[in-house]
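Structure first, commentary second.
Everything numeric here is computed off the predicted structure, so don't read it as measured data.
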Amino acid sequence: MATARLDILNGRLAKQTRAVEQLPFVIGRNAEAGLRLEDPGVWDQHIELEWRFPEGFIAKRRADASATVNGQPFTEQRLHNGDVLDLGGTKIQFWLGDVAQKRLVLREMLVWAALAALVASEIWLVLRLTH
């Protein structure tokens, strides 16, 4: 699953960063929100982020809340790297998260061991047939 990062640009949590790893991800005043903001004008569940294939990250504004992406009002908006969400008195910049490669050390070791066993069996077979 994709991940994202939210950089809080102003307000009480200014200069902090939050990872978006579990979706849907709620931004709001609610204690259960993934990003809890207590700035003026922020509703309990102001914006919800979700992942849709193949579109990507989608921001959905709650019906009674006001918010913009890059200064444009929206109800539902696909997010791109660097987009700025403005909700209540808070500005948040959206970034796609870092991509981490899976650790493949065990798999690689098993492949090399299998190749070594194959080479050893080929050598043994050649020696048996030539003697």
Side-chain angles (χ1 to χ4, degrees):
M1 179 178 85
T3 63
R5 184 184 86 220
L6 301 174
D7 292 342
I8 304 160
L9 303 177
N10 69 340
R12 292 184 181 152
L13 300 179
K15 299 183 181 178
Q16 292 188 26
T17 297
R18 292 290 192 279
V20 176
E21 295 174 339
Q22 188 173 4
L23 297 168
F25 186 89
V26 174
I27 302 171
R29 189 175 290 273
N30 190 322
E32 286 82 37
L35 173 55
R36 186 172 184 209
L37 300 172
E38 296 181 5
D39 296 316
V42 176
W43 292 69
D44 282 349
Q45 296 182 347
H46 207 107
I47 293 176
E48 182 177 277
L49 302 179
E50 65 179 39
W51 174 261
R52 285 191 206 151
F53 184 81
E55 294 92 354
F57 280 98
I58 305 294
K60 294 186 338 185
R61 175 185 56 84
R62 299 298 172 147
D64 50 356
S66 67
T68 64
V69 172
N70 300 325
Q72 301 298 313
F74 73 98
T75 301
E76 225 178 82
Q77 175 72 41
R78 179 177 177 210
L79 296 176
H80 300 89
N81 258 339
D83 281 349
V84 175
L85 296 144
D86 192 346
L87 57 148
T90 307
K91 289 184 186 282
I92 300 167
Q93 193 162 28
F94 172 86
W95 297 101
L96 291 174
D98 298 328
V99 177
Q101 182 177 347
K102 290 183 179 180
R103 295 206 172 270
L104 302 174
V105 173
L106 179 59
R107 237 182 251 174
E108 289 173 0
M109 287 176 30
L110 289 173
V111 168
W112 283 111
L115 287 172
L118 180 64
V119 168
S121 67
E122 290 290 327
I123 291 171
W124 179 81
L125 184 61
V126 167
L127 290 175
R128 290 259 336 207
L129 293 175
T130 58
H131 286 82

Measure the spacing between CG of N30 and CD of Q45 and express it to the nearest 0.5 Å. 5.0 Å
For a quick test of reading the model, state the closest non-hydrogen atom pair linking L23 to L49 and the distance between them. CD2-O, 3.6 Å
Does L127 belong to the same Ile/Leu/Val/Met/Phe/Trp/Tyr cluster as V119, with side-chain heavy atoms less than 4.5 Å apart forming each link? yes
Does the side chain of W95 pick up a donor-acceptor pair with the side chain of D7 at under 3.5 Å? yes
Give me the atom names and distance for the closest heavy-atom approach of W43 to H46. N-ND1, 3.0 Å
When rounded to the nearest 0.5 angstrom, what is the spacing between CG in L85 and CG in L35? 10.0 Å
Same cluster (ILVMFWY, side-chain, under 4.5 Å), L9 and L96: no
Does the Q93 side chain pair with the main chain of G82, one donor and one acceptor, at a distance under 3.5 Å? yes
Under a 4.5 Å side-chain heavy-atom rule over Ile, Leu, Val, Met, Phe, Trp and Tyr, are W51 and F74 clustered together? yes
Test item: D44 side-chain N/O and R29 main-chain N/O as donor-acceptor pair under 3.5 Å: no
Minimum heavy-atom distance between F57 and A4, given as atom pair plus value: CZ-CB, 3.8 Å
To the nearest 0.5 Å, what is the distance between CD1 (I27) and CZ (R62)? 11.0 Å
Restricting to non-hydrogen atoms, name the atom on R12 and the atom on D39 that form the minimum distance, rounded to 0.1 Å. N-OD1, 3.0 Å
Hey, is the main chain of F94 close enough, under 3.5 Å, to the side chain of H80 for a donor-acceptor pair? no
Is there a side-chain contact between N70 and D86, using heavy atoms and a 4.5 Å cut-off? no
Partner of E76 under salt bridge (charged side-chain N to carboxylate O under 4.0 Å, His left out), picked from R52, K60, R61, is R52
Nearest heavy-atom pair of T90 and V42: which atoms, and what distance? OG1-CG2, 4.1 Å
Consider only side-chain N and O atoms of T17 and R5, and report whether a donor and an acceptor are under 3.5 Å apart. no
Interatomic spacing from CG in L79 to CD in E50 - rounded to 0.5 Å: 10.5 Å
Ignoring hydrogens and geometry, is there a side-chain-to-backbone donor-acceptor pair from R78 to E55 under 3.5 Å? yes
Check whether N10 reaches the backbone of K91 with its side chain - one donor and one acceptor, N or O, closer than 3.5 Å. yes
Give the minimum heavy-atom separation between I47 and A67, together with the two atoms involved. CD1-CB, 3.9 Å
Consider only side-chain heavy atoms of I, L, V, M, F, W and Y, link residues closer than 4.5 Å, and tell whether L13 and V26 are in one cluster. no
Any side-chain heavy-atom pair from V69 and V84 closer than 4.5 angstrom? no
